[in-house]
Amino acid sequence: MDPTFTLIGALMLVFSIVLSPLSSRVGMPVLLVFLAVGMMMGEDGPGGIQFNNFELAFLIANLSLAVILLDGGMRTRVETFRVGLRPALVLATLGVALTAGGAAIVAWWVFDLHWMMALLVGAIISSTDAAAVFSLLQGRGLHLNERVSATLEIESGSNDPMAIFLTLMLVTLIGQHEQGSILSGLTMLVQQFGIGAAAGVLGGFLVVELANRMRLTPALYPLLVGAAGISVFSATNAVGGSGFLAIYLCGVVIGNRHVRMMPMILQVHDGMAWLAQLCLFLMLGLLVSPSDLIPLAGAGLVLALALIFVIRPLTVLITLWPFGFNRRELGFISWVGLRGAVPIVLALFPIIADLPDAQLVFHAAFFIVLVSLIVQGTTMAPLARKLRLEVPAGEDPYRRLPLDAPAAGDHELMLFPLRGKGWDKPRALGQLRLPENTAVAGVFRDRKCLQPTKDLEVTAGDMLAMFATPSVLPDLGKALSGRQAPKHLAERAFFGDFVLNGDALLGDVEQVYGIEFDELPPELSLAECFAKRTKGHPVVGDTVILGPVTLVARATEADRVTKVGLKMDA
């Protein structure tokens, strides 16, 4: 192997990683940085690298997407399914089909394509990108309400199989000119979804059993999970199922079961997912020459803007209106139809199948992804704040270490640095309101470990070592957070001055606070008020306005509001 080739590849990775902090400062998707570096190193850029091996690119792209989806699945909490599963699945199936149809009409008009090729273009650009969406939101420190975040997370992780099915069916129809292939295409759809779902769930449980029964060096557990996940992905593809759906569901099962060394697994896979994204976008950037994009820039811009401003919003409105989303939530979900690597990867299918106008389709898909990353990616975070979809969030631990001992159960050792103005004034450990089933293991100060006692005062700069379970992490993070939140996210400003139980009756609230709710019966509980307004799926941050009073959902459990904040109009 030519050492120059490996040197250039390594330098491209280094350059992309060094530039990545720039994305969060200017509000640019980090994936756009990787794509730009790849294009700069291509044949039209100063790098001058000629890379046109589409078969190798297709193989690398598939493996990279599999790693990204496995990591995304392991970070998806099953609890979010109660809120986001049904709307996300409708958006990921019917929504993808509607998007493909709408985009096909515009593509047929602007590119003057045969209607079948136009449908193929629509299918290729119909899916959204989970990695692009959440890397941007998390990079800007955004914590969206659960209804929006769950829907986007599940949709962007599960809409790839539908887009892949439509693309494969149309490539088959165009390449073989088979009139009877529509029936075989429907059979393929059932096969892709059915086998993919079954293989993913079964594979996930097998991986969990394997990891928990093996006694390995801690560093090998992440490798075991990664290799087993790729095995599920490859085996599912081999028997005609959707490997992408399978590895995503495999990750969901793994992430929601007790697995030995899980925090370490997540930490390593986070790095693996970033490496996969880096390699994927650098390689896709090398495949495209900017000079090939210029001739179709006008038509591509029309299609991209139609997709952003017309097709995606109409699709979201049609598919999500029955599920109790408010206008602000619908507006944001409409805007977050961010395109990423998947459309570019799907655009490789026509080239490999040697279809007519395949190069035009590939370059059109690439151009649309670029416009989407620039227009939607740079405005997503400001829009979320403007639409007031953020909810207060606590401090995340600096490090989580699994104890891996039967007597410890799910407990982990978590390290929390004390920082922010809230810790400028020292506080005794005995005064901290910590969740139940937690304990302070030690206090680190000036490279010394202090014995925790109730009278020991801690302050900014100290680091607390805590024994706690993952289930109490949100409450623990809030208890140890000393950062001053923005005014609109401060606890009292967001939830109000008073905290009530969800089972409190309106009549009791009327008597205590001297207010009247004429439009609702007094025997109605606060939790039932939220259930009626949200169609049975309330989330933290939901509001119900009753005359001069605003009720804010402060805590939920199993589709029921358990704690309510009360804000009185001044």
Side-chain angles (χ1 to χ4, degrees), residues 21 24-25 75 137-145 262-264 266-267 270-271 381 385 390-405 407-499 540-541 552 554-555 562-563 565 567:
S24 59
R25 291 175 189 166
R75 297 175 192 279
L137 293 179
Q138 292 166 4
R140 299 302 297 275
L142 281 172
H143 296 270
L144 301 179
N145 81 45
M262 193 63 196
M264 179 175 288
L266 289 174
Q267 188 175 5
D270 186 39
R385 293 193 167 104
E390 286 183 281
V391 295
E395 191 82 24
D396 290 328
Y398 169 72
R399 188 146 299 164
R400 295 171 57 183
L401 303 171
L403 299 179
D404 193 26
D410 292 335
H411 279 80
E412 301 173 5
L413 179 62
M414 303 179 183
L415 301 179
F416 285 90
L418 303 184
R419 49 197 174 192
K421 293 184 177 180
W423 289 104
D424 286 347
K425 184 178 179 181
R427 281 185 272 172
L429 288 178
Q431 296 176 343
L432 302 183
R433 296 182 179 179
L434 301 175
E436 294 183 2
N437 202 22
T438 62
V440 180
V443 178
F444 294 99
R445 180 183 299 163
D446 298 329
R447 299 188 178 184
K448 296 178 181 178
C449 183
L450 306 180
Q451 185 73 22
T453 63
K454 288 186 178 182
D455 297 328
L456 177 64
E457 292 187 335
V458 290
T459 186
D462 293 344
M463 179 173 287
L464 259 63
M466 300 291 305
F467 289 125
T469 61
S471 61
V472 302
L473 187 53
D475 293 332
L476 184 59
K478 289 181 181 179
L480 298 179
S481 178
R483 291 182 176 179
Q484 188 172 1
K487 286 185 177 180
H488 66 287
L489 290 179
E491 288 280 322
R492 291 182 64 178
F494 192 89
F495 292 114
D497 294 319
F498 308 102
V499 182
V540 172
V552 185
R554 193 182 181 102
T562 56
K563 295 290 182 183
K567 294 197 291 187

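Small disclaimer: the values here were computed from a predicted structure and weren't measured.
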Q) Rounded to the nearest 0.5 Å, what separation is found between the CG atom of D270 and the CZ atom of R75? A) 4.5 Å

Q: Let me know which of T453, L456, L418 forms a side-chain contact (heavy atoms from CB on, under 4.5 Å) with V443.
A: L456

Q: State, yes or no, whether a side-chain contact exists between V540 and F495 at a heavy-atom distance under 4.5 Å.
A: yes

Q) To the nearest 0.5 Å, what is the distance between OG1 (T459) and CZ (R419)? A) 14.5 Å

Q. Which heavy atom in G420 sits nearest to a heavy atom in A460, and how many Å separate them?
A. O-CB, 4.5 Å

Q. Who are the ring pair (Phe, Tyr, Trp, His ring centres under 6.0 Å) partners of F498, not counting sequence neighbours?
A. Y513

Q) Tell me, do H411 and T469 make a side-chain contact under 4.5 Å, heavy atoms counted? A) yes

**Q.** Contact summary for M466 and F416, nearest pair of heavy atoms
**A.** CG-CD1, 4.0 Å

(Q) If you compare all heavy atoms of A441 against all heavy atoms of F467, which two are closest, and at what distance to 0.1 Å? (A) CB-CE1, 3.4 Å

**Q.** Side chain proximity check, L476 to L434, heavy atoms < 4.5 angstrom
**A.** yes

Q) So, for F444 and A465, which heavy atoms are closest and what is the spacing to 0.1 Å? A) CE1-CB, 3.9 Å

Q) Would you call V472 and N437 a side-chain contact if the rule is heavy atoms closer than 4.5 Å? A) no

Q: Might you confirm whether atom CG of D446 has over 12 heavy atoms from other residues, nucleotides or ligands at distances under 6.0 Å?
A: no

Q: Looking only at non-hydrogen atoms, find the nearest pair between M414 and A468 and report the distance.
A: CE-O, 3.8 Å

Q.
What's the separation between atom CE in M463 and atom CG in L480, rounded to the nearest 0.5 Å?
A. 11.5 Å

Q. Rounded to the nearest 0.5 Å, how far does CD of E412 lie from CG of L403?
A. 7.5 Å

Q. Under 3.5 Å, side chain of R399 to main-chain N/O of L413, donor-acceptor pair present?
A. no

**Q.** T562 side-chain N/O to A555 backbone N/O, donor-acceptor pair under 3.5 Å
**A.** yes

Q. Does any non-hydrogen side-chain atom of P470 lie less than 4.5 Å from one of R400?
A. yes

(Q) Testing the basics here: between Y398 and P417, what is the closest heavy-atom pair and its distance to 0.1 Å? (A) CB-CD, 3.7 Å

Q. How far does CG of L464 sit from CZ of R445, to the nearest 0.5 angstrom?
A. 9.5 Å

Q. With a 4.5 Å heavy-atom cut-off, do W423 and D462 have their side chains touching?
A. no

Q: Nearest 0.5 Å please: distance from the CG atom of L144 over to the CZ atom of R385.
A: 9.5 Å

Q.
Show every salt bridge (Lys or Arg N to Asp or Glu O under 4.0 Å) that has at least one partner inside residues 429-443, sequence neighbours left out.
A. none

